[in-house]
Amino acid sequence: MSAVRYEVDGNVAVLTVDYPPVNALSAAVRTGLGEGLEKARNDDSVEAVIVLGADKTFIAGADITEFGTEKSAVKPGLRDLIETLETFPKLTVAAIHGTALGGGLELALGCHARVAVSSAKVGLPEVNLGILPGAGGTQRLPRLTGVETGIDLITSGKHIPAAKALELGVVDAVVDDVRAGGVAFAQKSLAEGTQFTAVIERNDKISGVEPKVFEEARKRIGAKARGKIAPMVIIDCIEAATKMDSVAGLKYEQEKFQELFASDQRGALMHYFFAEREARKVPDLPADTKVRPINSAAVIGSGTMGGGIAMVFANAGIQVKLVDISSEALEKGMETVRKNYEISVGRGSMPKAKMDAALKLIETTTDYADLANTDIVIEAVFEKMDLKKEIFSKLDSVMKDGAILATNTSSLDIDEIASATKRPEDVIGVHFFSPANVMKLQENIRGAKSSPSTIKTVMDIGKKLGKNVVLAGNCDGFIGNRILQYYTGEAEFLLEQGATPEQVDRVAMKFGMPMGPISMRDMSGLDVGVLVRKARWNSLPEGERMSPIVERLAERGRIGMKVGKGFYRYEGRDKFPDPETTEIIEGVAKEYGVKRREFTDEEIELRLFAPMVNEGAKELEDGTAIRASDIDVAWVNGYGFPAHKGGPMYWGERVGLKKIHEMAVEAEKRNGPRWAPSKLLGRLAKEGKGWKDA
Ligand code: CAA
């Protein structure tokens, strides 16, 4: 069966791309479209052609699974098809529903006109894969939207709704039904003799653009790109559209596409794209596992975390009850929730109507009995085991059968929490990251007795909540925080050994982290750090120590940004090195007989990130993580690890597992037994293999 159906509706040929799951432009689809267009060209009864997608969506882009394979070279290529559509002797119309993304939108931009249903979205998200729209997207879209909007859309990869696309001139009409509306639009245009100018020939919006538009965009977007190269190259291509004729502009875009396609960043981002989708799958769940319906939620605790989680559910249109011990606490919690919403509305990232609707979905209560009919409850109180157990025992007595009892703990034992109930099969960890309404990671933690349906339900709900999910095993710190302690721990050892806070932070930021590990401590508060580390100090194995710099700074009242001094001294948000910090660090080094020296940036980079990979390997070994790529998903979404480096495990493989293993051997000698190389890492390094062989 062809991937493209050909039907004739009156005087209009309808080409329906039917290639699940997302009608991507595979070789089969391109061939089908090429054949369909030839049929329409030769059919005298046909005066117009519409292209649309079957099932849920228009064309979601090039077929990523065919990238770099022989199939990607099969003719006609996407650019050939676009040229055919653009120069076709009969009217060509794209009729869009679902999403028209990447090559899908580029194909639509090659048509003489575009219509979309109101729920459709369009965008050029190639930047998220480390490439650029290489089939004319950088040359055509700005010709419709203007240069500044074009830069914004293509460097961000944003999907815009049909109404906005209409306002920007990307689509010509919004219709009720994709097929009937597309056919009717084509027929009306034919009847009225409407003349459409090919997008590539429209030059009014790209003429006379001041050079400063590009200079400013480079500055603004470069500051946010954190080392990503594709956004900058996209700006170059759009500038080329304003300076060259269309043939030269398209050629320039093609050359730049090839350069980006060959880059390491493209490899990393594509790995990451599939990693996110793979992470949702749990291999050991029976195929017939039921997902429980989640139409209502409750959150215990109205602090920053609880309030944020309530927002997550309300934003997804799910009724949520926020629970706390007093109405004063609830009032305070709701005030923060309202403020957070107002900030989003003020920034323009959320329409006011959406805020109003979300606020309406959040109710407050101090009475657990009100939760009797709730489908899922997430406990988000302080990290105190006794308190959590008391709450779970109460929840056990009030919640209906089949409700999911989840804890947002970031480190406590899920099984012990579950033991406070008579239904441990319904108990699970659902760990959000602060601020919960912003951070994309939802780390679910399976207890020993969590049932398949409990696991599947919380994995599935992530998509509705707009989160990227991973499933972790139950251990101290789970997937993410377990690794974090090696990153921050090594950063502090580096300070003892002579690196400066500024250098460590600078190297981490240059690597692509949103913030350095030292500044991160100052921001979260050294007092908080001291509390979290207390238990760890007591459980250190023999022959191992942690650096006590955090404790020493805190003892002198240097507890971070909130008091104007921590590792750094602060004036507002500006930070400066402080001699007192140097004195404390040097004092610790002297006390432990640590020799101080200078470090190169390369050394620091390896020292910071290699121990994370080693600990990740231990997580694979003991089953805390299902796959290496799940660790990548956790770190990109929960801690801001740069996606263009693929995540820590992907990065480690690029550096070489042999090198990472050598680093772990040295770290064990320097830092103690917990830093010892993972056996799995040792085996893979020795056999010259990668994570897929784990
Ligand atoms: N090619 C091949 N497979 C794709 C694909 C693509 N472009 N987009 C999605 N898929 C696959 C996914 O891998 C997934 O497969 P599995 O079920 O086997 O895991 C399946 O389709 C469903 O995808 P999602 O789970 O993401 O489904 P969703 O409904 O949440 O989202 C979507 C659908 C919005 C289309 C989303 O998948 C998406 O954003 N896809 C990427 C779109 C994109 O980046 N397009 C540009 C491609 S590059 C390009 O076009 C270059 C060029 O100019 C030449």
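Just so we're clear, the structure is a prediction, and the values are computed from it rather than from any experiment. Throughout, residue positions are numbered sequentially from 1 according to the sequence presented.
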Inset, instruction - For side-chain contact (heavy atoms from CB on, under 4.5 Å), just list the numbers for Ile82 and Arg140, CA-CA rounded to whole Å, side-chain angles, deciding distance to a tenth of an Å, and then say yes or no. - result: CA-CA 11 Å; Ile82 291 172; Arg140 290 190 180 85; 3.6 Å; yes
Legend entry - side-chain contact (heavy atoms from CB on, under 4.5 Å) evaluation trace for Val51 with Leu33: CA-CA 9 Å; Val51 179; Leu33 280 171; 4.1 Å; yes
Inset, instruction - For Val115 and Val174, run side-chain contact (heavy atoms from CB on, under 4.5 Å): C-alpha distance rounded to whole Å, both residues' side-chain angles, the deciding distance at 0.1 Å, then the answer. - result: CA-CA 6 Å; Val115 300; Val174 172; over 6 Å; no
Inset, instruction - Verify salt bridge (Lys or Arg N to Asp or Glu O under 4.0 Å) between Glu38 and Arg41, making sure each step is shown before the conclusion. - result: CA-CA 5 Å; Glu38 282 321 296; Arg41 189 195 297 274; 3.1 Å; yes
Inset, instruction - Evaluate salt bridge (Lys or Arg N to Asp or Glu O under 4.0 Å) for Glu259 paired with Lys256, printing each intermediate quantity in order. - result: CA-CA 5 Å; Glu259 276 173 35; Lys256 293 289 155 188; 3.5 Å; yes
Legend entry - Stepwise salt bridge (Lys or Arg N to Asp or Glu O under 4.0 Å) test for Asp356 and Lys360: CA-CA 6 Å; Asp356 294 341; Lys360 265 198 203 130; over 6 Å; no
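For residues 68-98, there are no ring pair (Phe, Tyr, Trp, His ring centres under 6.0 Å) pairs, not counting sequence neighbours. Residue pairs meeting the side-chain hydrogen bond (donor to acceptor under 3.5 Å, both in side chains) criterion with at least one member in residues 175-188, sequence neighbours excluded, are Glu7-Arg179, Asn11-Gln187. For residues 66-78, the pairs satisfying side-chain hydrogen bond (donor to acceptor under 3.5 Å, both in side chains) are Lys75-Asp80, with sequence neighbours left out.
In this structure, Gln442 contributes its side chain and Ile461 its backbone to no donor-acceptor pair below 3.5 Å. Judged by distance alone, with hydrogens and angles left aside, the side-chain atoms of Arg30 form a donor-acceptor pair with the main-chain N or O of Pro76 at under 3.5 Å. The backbone N or O of Gly136 lies less than 3.5 Å from a partner atom in the side chain of Glu253, making a donor-acceptor pair. The main-chain N or O of Gly227 is found under 3.5 Å from a side-chain atom of Gln265 such that the two form a donor-acceptor pair. Remark: the backbone N or O of Arg226 is paired with a side-chain donor or acceptor of His644 at under 3.5 angstrom. A donor-acceptor distance shorter than 3.5 angstrom exists from the side chain of Arg114 to the backbone of Cys111, with no hydrogens or angles considered. Put simply, the side chain of Thr155 gets close to the backbone of Ile151: a donor and an acceptor are under 3.5 Å apart. Proximity of a side-chain donor or acceptor of Lys467 to a complementary backbone N or O of Met439 within less than 3.5 Å is detected. A donor-acceptor pair under 3.5 Å is formed between the side chain of Lys205 and the backbone N or O of Leu144. A donor-acceptor distance shorter than 3.5 angstrom exists from the side chain of Asn23 to the backbone of Ala54, with no hydrogens or angles considered.
Checked by atom type, the side-chain pair Arg143/Ser246 shows no donor-acceptor distance below 3.5 Å. If you check the side chains of Thr57 and Thr99, you find a donor sitting under 3.5 Å from an acceptor. Judged purely by distance below 3.5 Å, without hydrogens or angles, the side chains of Tyr341 and Asn315 pair a donor atom with an acceptor atom. No side-chain donor-acceptor contact under 3.5 Å links Thr16 and Asp18.
A salt bridge does not link Glu216 to Lys219: none of the charged nitrogens lies less than 4.0 Å from a carboxylate oxygen. For the pair Lys251 and Glu255, the salt-bridge criterion is met [side-chain N within less than 4.0 Å of a carboxylate O]. For Asp630 and Lys281, the salt-bridge test fails: no basic side-chain N is under 4.0 Å from an acidic carboxylate O.
If you take CE on Met459 and OG1 on Thr454, they are separated by 13.0 Å, rounding to the nearest 0.5 Å. Put simply, CG on Leu105 and NZ on Lys121 are 14.5 Å apart, with the number rounded to the nearest 0.5 Å. Here the OG-CD distance, from Ser629 to Glu278, works out to 6.0 Å after rounding to the nearest 0.5 Å. Separation of atoms CG (Asp460) and CD1 (Ile294) is listed at 10.0 Å; rounding is to 0.5 Å. Atoms OH and CD, on Tyr252 and Gln139 in that order, are 9.5 Å from each other to the nearest 0.5 Å.
Ala24 and Tyr19 get closest at one heavy-atom pair: O-CD2, 3.8 Å. Closest non-hydrogen pair, Gly647 versus Asp632, comes out as C-OD1, 3.1 Å. Closest approach of Pro125 to Gly102, counting heavy atoms only: CD-N, 3.3 Å. Residues Leu101 and Val122 share a closest heavy-atom pair of CD2-C, 4.3 Å. Across every non-hydrogen atom of Thr145 and Gly150, the tightest pair is OG1-N, 3.3 Å. Here the closest non-hydrogen pair linking Glu47 and Leu190 is CB-CD1, 3.7 Å.
Partners of Thr242 by side chain to side chain contact (heavy atoms under 4.5 Å, CB included), not counting sequence neighbours, listed by chain and number: Val147, Ile206, Val209, Phe214, Glu239. For Ala13, the side chain to side chain contact (heavy atoms under 4.5 Å, CB included) partners at least two apart in sequence or on another chain are Tyr6, Ala40, Val46, Val49. Judged as a side chain to side chain donor-acceptor pair (under 3.5 Å), and not counting sequence neighbours, the contacts of Gln254 are Arg79.
Considering Thr92, Val4, Leu52 as possible partners of Leu15, the one that fulfils the side chain to side chain contact (heavy atoms under 4.5 Å, CB included) test is Val4.
Counting heavy atoms from C-beta on, the side chains of Ile234 and Leu132 come closer than 4.5 Å. Between Trp691 and Tyr650 the shortest side-chain heavy-atom distance does not fall below 4.5 Å. Using a 4.5 Å cut-off on side-chain heavy atoms (C-beta onward), Leu37 and Leu85 make contact. Within the 4.5 Å cutoff, the side chain of Phe273 has no heavy atoms near those of the Asn128 side chain.
For CD of Glu192, the number of neighbouring non-hydrogen atoms (other residues, nucleotides, ligands) closer than 6.0 Å is greater than 12. Atom NZ of Lys90 is surrounded by more than 12 heavy atoms from other residues, nucleotides or ligands within 6.0 Å.
Ring-plane geometry between Phe185 and Phe196 is classed as tilted, the angle between the planes lying from 30 to 60 degrees on a 0 to 90 degree scale.
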